[in-house]
Amino acid sequence: MRFPFALTKKIASHIIKHKLRKTPKFAMVLQLEPLHTCNLTCTGCGRIREYSTSLKDMVPLEQCLQAAVECDAPMVSICGGEPLIYPKIEELINGLLEQGRVLYICTNGMFMRKKMRDYLAAIYSPSLEPKLKKLLAGKLITEKEAETIRKSDDAAKKKAVIRPTKWMYWNVHVDGLEFTHDLIVEREGVFKECIEAIKMAKICGYQVATNTTVYRETDVAEIEDMFKYLSSLEVDGHTISPGYDYDAAKKDMVSRLGKDPKQFFLTRDMTRQKFAKIQDWGKAFTIFGTPVYQEFLAGKRELTCTAWAIPTFNVKGWKAPCYLMTDGHYPGYQEMLSKVQWEKYGVVNGIARDPRCEHCMVHCGYDPSGALGTNYQRGDNWKNIKYNFGGKPKPFPASPELEKRAYNGVTIGKGHLAEAKAIINSPAAGARGAFSHKEEEHQHEAHVGSHCGTGDTSERDDLLAKIKDVKNAE
Ligand code: SF4
Ligand code: SF4
């Protein structure tokens, strides 16, 4: 099966229960942001700029658990910020698992190996030696770390840890191969760390997914290569979504000065071009997201936004109307459902009900629409069943060539960050430098993406456009 049966059953039962009760609006996935602190400062990340990143501004553990009970979404995506920085992340994960939720831990991958070593220390017995040997052979842990695991004391054994379970996925943020990903996250070595964490997770028995945002300047061929590489590592699934942001200044330039929106936005037309092969990718790789949403991305049908089905809860409360836009925060999920005028948002029959929604096709607005039967067409249920219960695509064959294409940055001596920064910030580069965002005043009205990496997509587009030159010059 493409996805574990127990998970598919849980989600299907949730939908059927609410359909039978005729519940007008209900949650499918809770986007839980326990904090907005992060160890990285990726280009254009909106989350670390929109909210305070002080560790004092965290959602207390009990409130996080209560938010999940309140909206009763069967799936919870723990994001942020970097959720592995949350001091009670183990207790949060274990508490949500006790509630019977399916969990996605959306992480930049930098602390995953540490958390997995804690797990190995907690369960250590001599029977773990073959696994440690494998991890050592793959250079995924050091001899010293193996010794610490072996010598784990009572405190390490009693520590709350993140254990592998079929109900949880690590969901690692990967926006391209080494060169591109390290540049976007503004730190060399992050791609390598993500890959090592993924390899370690697979050896330890965890389920691993990845999440990727596609920008205006994303090279689709590279994304396909990235899927091949991740599939060769036996990654269990991938979320992919178009990036999107609404910026009042850019909108004004389109309407007042008659500029071409393609200069600023990943427009719906452009998204459809980028995602033209999404259905083929869905056959070759384990892409999360319904086939109906894939048809929407490929431009084969329209869907209505169901942002209420993927609510976001953070330190300010329930964020409305969606993960991307903030028109307000509410103290309760039901209060948000009843007070927000949902009919003011989304695109219906090609007409944007809110101008900010005009080019949005992101998964947190439209993926649930595919599962919930909004804009139902004959045969949709069968398509969803066939996709979910169909065979899991086989891993792409690993090869030295594929590995070489993946590690195309700092690993092979292309420590490109300083060089790329200089090019991008040079007067010759025109426009604003993608790396100068820390000094800029941010005036964007919406912050975007679908998961980790939400932010001003134009900054990433500037960056990606300019690194094409850097790459071509090699
Ligand atoms: S920005 Fe997108 S997800 Fe948010 S309300 Fe508009 S269409 Fe829906
Ligand atoms: S995009 Fe994700 S990893 Fe990067 S700074 Fe933002 S929250 Fe952190």
Side-chain angles (χ1 to χ4, degrees), residues 29 31 33-51 53 78-86 105-112 171-175 181-187 190-191 193-194 211-213 215 241-247 265-266 268 271 293 296 302-312 314 319-327 340-348 351-369 374 437-438 444-457 459-460:
V29 185
Q31 300 270 15
E33 298 177 339
L35 81 179
H36 292 106
T37 310
C38 191
N39 54 314
L40 296 180
T41 51
C42 303
T43 299
C45 172
R47 280 309 196 260
I48 60 167
R49 295 179 176 89
E50 183 176 358
Y51 293 94
T53 58
I78 309 179
C79 31
E82 170 51 51
L84 296 186
I85 294 177
Y86 187 63
I105 319 299
C106 298
T107 173
N108 59 39
M110 299 301 280
F111 301 120
M112 268 174 72
N171 193 9
V172 187
H173 166 209
V174 188
D175 273 348
H181 185 72
D182 281 1
L183 205 60
I184 284 179
V185 302
E186 295 193 27
R187 192 183 297 179
V190 174
F191 177 84
E193 182 57 44
C194 287
N211 66 65
T212 302
T213 305
Y215 302 98
S241 179
Y244 176 64
D245 72 314
Y246 171 81
D247 178 313
F265 298 111
L266 183 57
R268 282 197 155 202
T271 298
Y293 177 58
F296 170 67
E302 287 299 332
L303 286 176
T304 303
C305 168
T306 48
W308 39 264
I310 304 197
T312 301
N314 62 33
K319 181 179 183 298
C322 64
Y323 189 67
L324 316 184
M325 296 200 295
T326 313
D327 284 349
V340 172
Q341 289 179 274
W342 299 99
E343 65 286 357
K344 280 173 40 188
Y345 298 103
V347 179
V348 177
I351 313 284
R353 296 192 282 198
D354 182 308
R356 295 171 298 175
C357 299
E358 188 175 348
H359 294 292
C360 173
M361 297 179 84
V362 300
H363 106 283
C364 55
Y366 291 93
D367 191 19
S369 317
T374 321
H437 60 78
K438 290 182 190 72
H444 307 294
E445 293 192 358
H447 297 279
V448 292
S450 56
H451 21 244
C452 182
T454 62
D456 179 358
T457 53
E459 285 188 350
R460 292 182 190 198

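Atoms within a ligand are numbered from 1 in the order they appear, just like the ligands themselves. All figures in this text were calculated on a predicted structure; none of them were measured in a lab.
Nearest to atom 5 (S) of ligand 1 by heavy atom, out of Tyr345, Trp342, Trp308, is Tyr345. Atom 4 (Fe) of ligand 1 has its nearest heavy-atom neighbour, among Ala307, Cys322, Cys364, in Cys322. Here atom 8 (Fe) of ligand 2 lies nearest to Cys38 when heavy atoms of Cys38, Cys106, Cys42 are compared.
If you number the atoms of ligand 1 from 1 as listed, the ones under 4.0 Å from a heavy atom of Cys305 come out as 3 (S), 5 (S), 7 (S), 8 (Fe). Atoms of ligand 1 lying under 4.0 Å from at least one heavy atom of Gly346, given by number and element, are 7 (S). Against a heavy-atom cut-off of under 4.0 Å, Leu324 is close to the following atoms of ligand 1: 1 (S). Remark: ligand 1 atoms within the under-4.0 Å shell around heavy atoms of Gly365 are 3 (S). Taking every heavy atom of Asn108 and a limit of under 4.0 angstrom, the matching atoms of ligand 2 come to 3 (S).
One N or O on the side chain of His181 and one on the backbone of Asp175 form a donor-acceptor pair closer than 3.5 Å. Checking side-chain atoms of Glu82 against main-chain N and O of Leu84 turns up a donor-acceptor pair under 3.5 Å.
Not one N, O or S atom of His173 sits under 2.8 Å from atom 4 (Fe) of ligand 2.
Just one of Thr326, Asn314, Thr312, Asp327 meets the side-chain hydrogen bond (donor to acceptor under 3.5 Å, both in side chains) condition when paired with Lys319; it is Thr326.
Shown here for Tyr366 and Cys305, the closest heavy-atom pair between the two residues is CE2-N, 3.3 Å. Contact record, Trp342 with Arg353: O-NH2, 4.2 Å, taken as the closest heavy-atom pair.
Side-chain contact of Ser369 with Thr306: a donor-acceptor pair under 3.5 Å is present, judged by distance alone.
The closest approach between any non-hydrogen atom of Tyr323 and ligand 1 is not below 4.0 Å.
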